[in-house]
Amino acid sequence: MTIAAYTVTDPIAEHGEGPVWSSRWGGLRWVDMLAGDVLALDAGGGVRRRHAGALAAVVRPRVSGGYVVAAERELLLSDSDDLDAPLRSLGEAWTDPAIRMNEGGCDPDGRFYIGSMAYDATPGRGSFYVAGPGGELRVVLPGVTISNGFDFSPDGSLAYYADTGTGRVDVLDYTPDGGLSGRRPFAVVDPAQGAPDGLTVDAEGGVWVALWQGGAVHRYDASGRLDAVVTLPVRKVTAVAFGGDGLDRLFITTSALDVDRGEQPAAGALFAADPGVRGRPVLPAAL
């Protein structure tokens, strides 16, 4: 099945990433990552922008209210859902200026996970971490290249994870006590079709994967079989999330990084598609 995407905003981001829908926020937020900004879509289609720091990799709601932003090398917490509320740092996670945070998410029990990568994408320089209650980071997966999409099956027993450099989406087992284990391949992306970036899982267990340099989003069913493709008019597709009041609209972020806007004038816009399935509420962070 092929589904066409349509634009929601003008091409307002240099490197749009990480869309997240929260009814508590009243809608969608995402990041213009390398600009260090968190963006919010209002009900009328307008976009508000809030600067968080040198880089903004991830935004997620907190269980207790407010939200968390993964910045360049630190986690920032707000105690209010207001986009412009003050942010406080949990401290620098590492000192190496060549390594930055990149993509992440939460498990069903509220633990926050964040990946990292080298600015120059040197293979194996990144890690995938889980944050403790005070924000301290522990390595879960070492030696990754570009740590990207992360989400869970509807029953919470499986986690899907993409290290873009591997060209595949992996699946891991999850238990509340044992955490993540048993990493194994779930779906391999033909390099001619792009590389796996951000991902989300729908209510039926289908895994929707944004394809960097692929101009598309792939849906894989729970067995790993490709069964739907969303096509876009831009190549650098970065991340996906379900939203809307019925969680039945798929929002898609894109990048204009090193793109000729004459050839791809919509690069950096927020897109959406109507895929015919519903998503699941975002998993919040217990930080």
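FYI, the numbering just counts along the sequence from 1.
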- Task: Answer yes or no: does atom CG of Asp245 have more than 12 heavy-atom neighbours from other residues, nucleotides or ligands under 6.0 Å?
- Result: no
- Task: Locate the shortest heavy-atom distance separating Ala5 from Ile252; write the atom from each residue and the value.
- Result: CB-CD1, 4.3 Å
- Message: Starting from Leu226, can I reach Trp208 by hopping between I/L/V/M/F/W/Y residues whose side chains sit under 4.5 Å apart?
- Response: no
- Query: Going through the checks in order, is the side-chain contact (heavy atoms from CB on, under 4.5 Å) test met by Tyr161 and Glu103?
  - Reply: CA-CA 11 Å; Tyr161 172 73; Glu103 264 290 12; over 6 Å; no
- Nearest heavy-atom approach of Leu75 to Gly135 is CD1-O, 4.2 Å
- Task: Taking the side chain as every heavy atom from C-beta outward, state whether Tyr160 and Phe150 have any atom pair closer than 4.5 Å.
- Result: no
- Message: Within this structure, what is the CG-CG distance for the pair Asp248 and Asp274, rounded to the nearest 0.5 Å?
- Response: 7.0 Å
- Item | Donor-acceptor pair, side chain of Asn148 and main chain of Asp163, under 3.5 angstrom | no
- For Asp37, the option from Arg50, His51, Glu14 that meets side-chain contact (heavy atoms from CB on, under 4.5 Å): His51
- Item | Side chains of Val229 and Val217 in contact at under 4.5 Å (non-hydrogen atoms) | no
- Note on the structure: For Pro11 and Ala267, the nearest pair of non-hydrogen atoms, with its separation, is CB-O, 3.1 Å
- Task: Indicate the atoms forming the closest heavy-atom contact of Val201 with Ser153, along with that distance.
- Result: CG1-CA, 4.2 Å
- Distance, nearest 0.5 Å, that separates CG of Asp170 from CG of Leu141: 8.5 Å
- Are Tyr113 and Leu90 connected in a single hydrophobic cluster, I mean Ile/Leu/Val/Met/Phe/Trp/Tyr linked by side-chain heavy atoms less than 4.5 Å apart? no
- Return the minimal non-hydrogen interatomic distance between Asp81 and Gly65, and the atom names on each side. OD1-C, 4.1 Å
- Across all chains, not counting sequence neighbours, the side-chain hydrogen bond (donor to acceptor under 3.5 Å, both in side chains) partners of Asp84 are none
- Query: Which of parallel (below 30°), tilted (30 to 60°) and perpendicular (above 60°) describes Trp21 and Phe251?
  - Reply: parallel
- Hey, do the aromatic rings of Trp212 and His15 have their centres closer than 6.0 Å? yes
- Evaluate side-chain hydrogen bond (donor to acceptor under 3.5 Å, both in side chains) for Asp197 paired with Thr238, printing each intermediate quantity in order. CA-CA 6 Å; Asp197 202 318; Thr238 56; 5.6 Å; no
- Query: If you measure from CD on Glu74 to CD1 on Ile114, what distance do you get to the nearest 0.5 Å?
  - Reply: 12.0 Å
- Task: Go through Gln193 and Gln213 one step at a time and tell me if the side-chain contact (heavy atoms from CB on, under 4.5 Å) criterion holds.
- Result: CA-CA 8 Å; Gln193 296 180 317; Gln213 292 286 26; over 6 Å; no
- Item | side-chain hydrogen bond (donor to acceptor under 3.5 Å, both in side chains) pairs, two or more places apart, involving residues 130-142 | none
- Task: To the nearest 0.5 angstrom, please state how far the CG atom of Asn102 sits from the OG1 atom of Thr145.
- Result: 11.5 Å
- Task: Answer yes if Ile3 and Phe242 sit in the same cluster of Ile, Leu, Val, Met, Phe, Trp and Tyr residues linked by side chain heavy atoms under 4.5 Å apart, and no otherwise.
- Result: yes
- Note on the structure: Minimal heavy-atom distance between Val282 and Pro61, with the atoms involved, is CG1-CG, 3.7 Å
- Message: Tell me every residue that passes salt bridge (Lys or Arg N to Asp or Glu O under 4.0 Å) with Arg261, counting only those two or more places apart in sequence or in another chain.
- Response: none
- Query: CG of Leu39 to CD1 of Ile12: how many Å apart, nearest 0.5 Å?
  - Reply: 5.0 Å
- Message: I'd like to know if the side chain of Thr254 reaches the main chain of Gly268, judged simply by a donor and an acceptor atom lying under 3.5 Å from each other, with no hydrogens or angles considered.
- Response: yes
- Task: Kindly state each residue pair satisfying salt bridge (Lys or Arg N to Asp or Glu O under 4.0 Å) with at least one member in residues 109-119, sequence neighbours excluded.
- Result: Asp107-Arg111, Asp109-Arg111
- Item | side-chain contact (heavy atoms from CB on, under 4.5 Å) assessment of Val58 paired with Val69 | CA-CA 5 Å; Val58 179; Val69 178; over 6 Å; no
- Under 4.0 Å between a Lys/Arg side-chain N and an Asp/Glu carboxylate O for Glu72 and Arg100? no
- Message: Using a 4.5 Å cut-off between side-chain heavy atoms of Ile, Leu, Val, Met, Phe, Trp and Tyr, which other residues end up in the same hydrophobic cluster as Met117?
- Response: Ile146
- Contact check, side chains of Pro185 and Arg168, non-hydrogen atoms, under 4.5 Å: yes
- Message: Pair Asp177, Thr175 - check side-chain hydrogen bond (donor to acceptor under 3.5 Å, both in side chains), show working.
- Response: CA-CA 5 Å; Asp177 294 333; Thr175 63; over 6 Å; no
- Task: Determine whether the aromatic ring centres of Tyr174 and Phe152 lie less than 6.0 Å apart.
- Result: yes
- Message: Could you tell me if the side chain of Val59 sits less than 4.5 Å from the side chain of Trp30, heavy atoms only?
- Response: no
- Determine, for Tyr67 and Arg29, whether the Lys NZ or Arg CZ falls below 6.0 Å from the six-membered ring centre while staying within 45 degrees of the axis. yes
- Donor-acceptor contact below 3.5 Å, side chain Thr9 vs main chain Leu270: yes
- Message: Grouping I, L, V, M, F, W and Y whenever their side-chain heavy atoms are under 4.5 Å apart, do Leu199 and Val144 come out in a common cluster?
- Response: no
- Cation-pi check, Arg60 onto Phe112 ring (under 6.0 Å, within 45° of axis): no
- Do Ser181 and Asp173 pass the side-chain contact (heavy atoms from CB on, under 4.5 Å) test, and can you show the C-alpha distance, the side-chain angles, and the key distance before you say yes or no? CA-CA 5 Å; Ser181 64; Asp173 299 309; 3.9 Å; yes
- Task: With the side chain counted from C-beta on, respond yes when Phe271 and Thr7 share a heavy-atom pair under 4.5 Å apart, and no when they do not.
- Result: yes
- Query: Is it true that a side-chain atom of Thr231 and a backbone atom of Ala216 form a donor plus acceptor pair closer than 3.5 Å?
  - Reply: no
- Message: Show, in sequence, the C-alpha distance, side-chain angles and deciding distance for Arg219 and Glu204, and conclude whether the salt bridge (Lys or Arg N to Asp or Glu O under 4.0 Å) test is met.
- Response: CA-CA 11 Å; Arg219 181 193 192 262; Glu204 298 176 0; 3.6 Å; yes
Using residues 121-133 as the side-chain source, report each donor-acceptor pair under 3.5 Å to any protein atom, sequence neighbours left out, with the distance given to one decimal.
| from | atom 1 | to | atom 2 | distance (Å) |
| --- | --- | --- | --- | --- |
| Thr122 | OG1 | Asp120 | OD1 | 2.6 |
| Thr122 | OG1 | Asp120 | OD2 | 3.1 |
| Arg125 | NH2 | Asp96 | OD2 | 2.8 |

- Item | Side-chain heavy-atom pair Arg184, Val171 within 4.5 angstrom cut-off | yes
- So, do Arg280 and Pro154 sit near enough that their side-chain heavy atoms are less than 4.5 Å apart? yes
- Message: Taking Val139 as the starting point, is it possible to reach Met101 by hopping between hydrophobic residues whose side chains are less than 4.5 Å apart?
- Response: yes
- Rounded to the nearest 0.5 Å, what's the gap from CG on Asp227 to CG on Asp221? Could you check? 5.0 Å
- Task: Step by step, work out the side-chain hydrogen bond (donor to acceptor under 3.5 Å, both in side chains) result for Ser80 and Asp82.
- Result: CA-CA 5 Å; Ser80 167; Asp82 181 359; 5.1 Å; no
- Task: Please tell me if the side chains of Leu34 and Leu257 come closer than 4.5 Å, counting only heavy atoms from C-beta onward.
- Result: yes
